[in-house]
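Take a look at the structure below.
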Amino acid sequence: AAGYRVMIHCHHSRDEAAALARELNGRRPGSAAIIQGDLRDAHVPGQLVDAVIAQWQRLDLVVTNGSRFYPTAVADAGLETWNDLFDTNLRAPFLLAQAAAAHLAATRGSIVNIVDIHGERPLKNHAIYSTTKAGLDMLTRALARELAPEVRVNGVSPGAILWPENGLTEKTKQEIVSSTPLQELGSPVDIADAVLFLARSHFITGQVIAVDGGRSL
């Protein structure tokens with residue numbers, strides 16, 4: 001709706017990505033395409049960028065929304081778990097930025113990393129995940145310094161937006177909502193609005209905005 005053409009990346013959810021692309025193309029023909037790839041493969045981030053350039057010959061915005069999320073008790077976590085979370089949540093955004101930097105510089109474009117409020121305040125039993133998001137917060141600021149002035153880099157840190165797929169009890173959900181100053185669950189649209197705001201702003205870089213109903217307070 002904002003005029004962007006969108007390359008939708010997916011890993012396992014190809015059918016869902018294809019359905020979304022059909023919906024978007026129904027609104028504006030030729031505005032969406034999909035590409036599949038495992039971000040834990042170090043070659044995939046560069047391939048994603050190459051696919052966008054091949055499709056549309058330009059790149060204006062990269063949104064790093066790919067993430068893995070699951071508990072990792074310190075006593076049980078191993079190197080495989082560490083690599084699984086770090087490769088997806090932190091290494092992939094770096095490699096995407098590396099591959100996209102020259103193309104974004106040509107369009108004075110930007111990167112928006114989807115971080116997490118738990119990058120600042122760790123979530124219990126999620127030590128590795130929280131650490132990846134803390135790293136992504138710092139990567140956002142570091143890239144903003146290094147890629148300036150041609151490319152802006154910012155982040156959005158969601159709070160409670162969608163409940164995790166592994167499920168939470170209704171009691172836990174109510175506790176989370178009641179501890180949030182705005183007393184409600186956020187919407188994916190709230191995150192999209194923040195991303196679009198940062199993409200459109202020409203004088204903001206190196207910032208991470210919490211979209212969390214005040215929960216991080």
Side-chain angles (χ1 to χ4, degrees), residues 2 4-7 9 37 39-53 56-69 82-123 126-159 161 190-212 214-217:
Y4 282 83
R5 292 174 295 189
V6 183
M7 179 66 77
H9 163 256
L39 291 173
R40 293 170 297 183
D41 182 336
H43 298 98
V44 165
Q47 292 169 359
L48 300 185
V49 173
D50 291 343
V52 173
I53 298 304
W56 289 308
Q57 294 77 56
R58 64 178 291 146
L59 180 60
D60 299 271
L61 173 65
V62 173
V63 182
T64 66
N65 192 39
S67 180
R68 292 178 66 76
F69 173 82
W82 176 278
N83 289 338
D84 182 54
L85 287 163
F86 265 85
D87 288 353
T88 304
N89 297 3
L90 187 54
R91 187 182 71 178
F94 174 78
L95 294 177
L96 274 167
Q98 194 175 51
H103 301 293
L104 292 171
T107 60
R108 305 292 288 195
S110 70
I111 298 169
V112 179
N113 292 319
I114 305 300
V115 191
D116 192 310
I117 60 172
H118 294 300
E120 290 190 6
R121 298 178 62 182
L123 182 63
H126 290 73
I128 299 176
Y129 170 82
S130 298
T131 302
T132 66
K133 291 300 186 174
L136 186 57
D137 182 293
M138 177 52 69
L139 180 63
T140 300
R141 302 174 198 277
L143 289 172
R145 290 206 68 177
E146 189 159 342
L147 300 183
E150 293 86 2
V151 180
R152 295 177 301 102
V153 186
N154 292 292
V156 173
S157 280
I161 303 296
D190 296 318
I191 303 304
D193 285 344
V195 170
L196 189 58
F197 165 75
L198 291 170
R200 286 171 163 168
S201 175
H202 296 288
F203 201 58
I204 300 176
T205 196
Q207 304 303 305
V208 178
I209 300 175
V211 181
D212 65 350
R215 188 179 176 202
S216 55
L217 296 174

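Hydrogens, waters and symmetry mates are skipped; everything else that's a heavy atom, side chains included, is used.
- Rounding to the nearest 0.5 Å gives a distance of 9.5 Å between NZ of K133 and OG1 of T140.
- Residue I117 holds its CD1 atom at 9.5 Å from CG of L217, rounded to the nearest 0.5 Å.
- Here T88 contributes atom OG1 and N83 contributes atom CG; the two are 10.0 Å apart, rounded to the nearest 0.5 Å.
- Of all non-hydrogen atoms in G206 and N154, the two that sit nearest each other are N-OD1, 3.1 Å.
- Remark: D84 pairs with R40, R68, Y70 by the side-chain contact (heavy atoms from CB on, under 4.5 Å) rule, at least two apart or across chains.
- The two residues A2 and R200 make their nearest non-hydrogen contact at CB-NH2, 3.6 Å.
- When every heavy atom of L198 is checked against every heavy atom of G155, the shortest pair comes out as CD1-O, 3.7 Å.
- Using a 4.5 Å cut-off on side-chain heavy atoms (C-beta onward), R121 and R215 make no contact.
- Applying the side chain to side chain donor-acceptor pair (under 3.5 Å) definition to pairs two or more places apart or across chains, none involves residues 90-110.
- Two residues are said to be in side-chain contact when any heavy atoms from C-beta on lie closer than 4.5 Å; L147 and I111 meet this criterion.
- The closest side-chain heavy-atom distance from N89 to Y129 is below 4.5 Å.
- Listed here is the closest heavy atom pair of P158 and V115: CD-O, 3.7 Å.
- Considering CD1 of I53 and CG of L48, their distance stands at 12.0 Å, rounded to 0.5 Å.
- Here the closest heavy-atom approach between residue R152 and residue F203 is recorded as CD-N, 4.5 Å.
- Note that CG of L136 is 8.5 Å distant from OG of S67, once rounded to the nearest 0.5 Å.
- Taking R141 as the reference, D137 meet the side-chain hydrogen bond (donor to acceptor under 3.5 Å, both in side chains) condition, with sequence neighbours excluded.
- More than 12 heavy atoms of other residues, nucleotides or ligands sit less than 6.0 Å from atom CD of E150.
- Between G66 and L39, the shortest heavy-atom distance links the atoms CA-CD1, 4.1 Å.
- With V156 as reference, V211 is the one residue of V63, V211, D193 to meet the side-chain contact (heavy atoms from CB on, under 4.5 Å) rule.
- Residues forming a side-chain contact (heavy atoms from CB on, under 4.5 Å) with A144 (at least two apart in sequence, or on another chain): V153, T205.
- The side-chain hydrogen bond (donor to acceptor under 3.5 Å, both in side chains) search around T64 returns N113, not counting sequence neighbours.
- Residues passing the ring-ring contact (aromatic ring centres under 6.0 Å, His included) test with H126 are F69, sequence neighbours excluded.
- Here the OG1 atom belonging to T131 is positioned 7.5 Å from the CD1 atom belonging to I128, to the nearest 0.5 angstrom.
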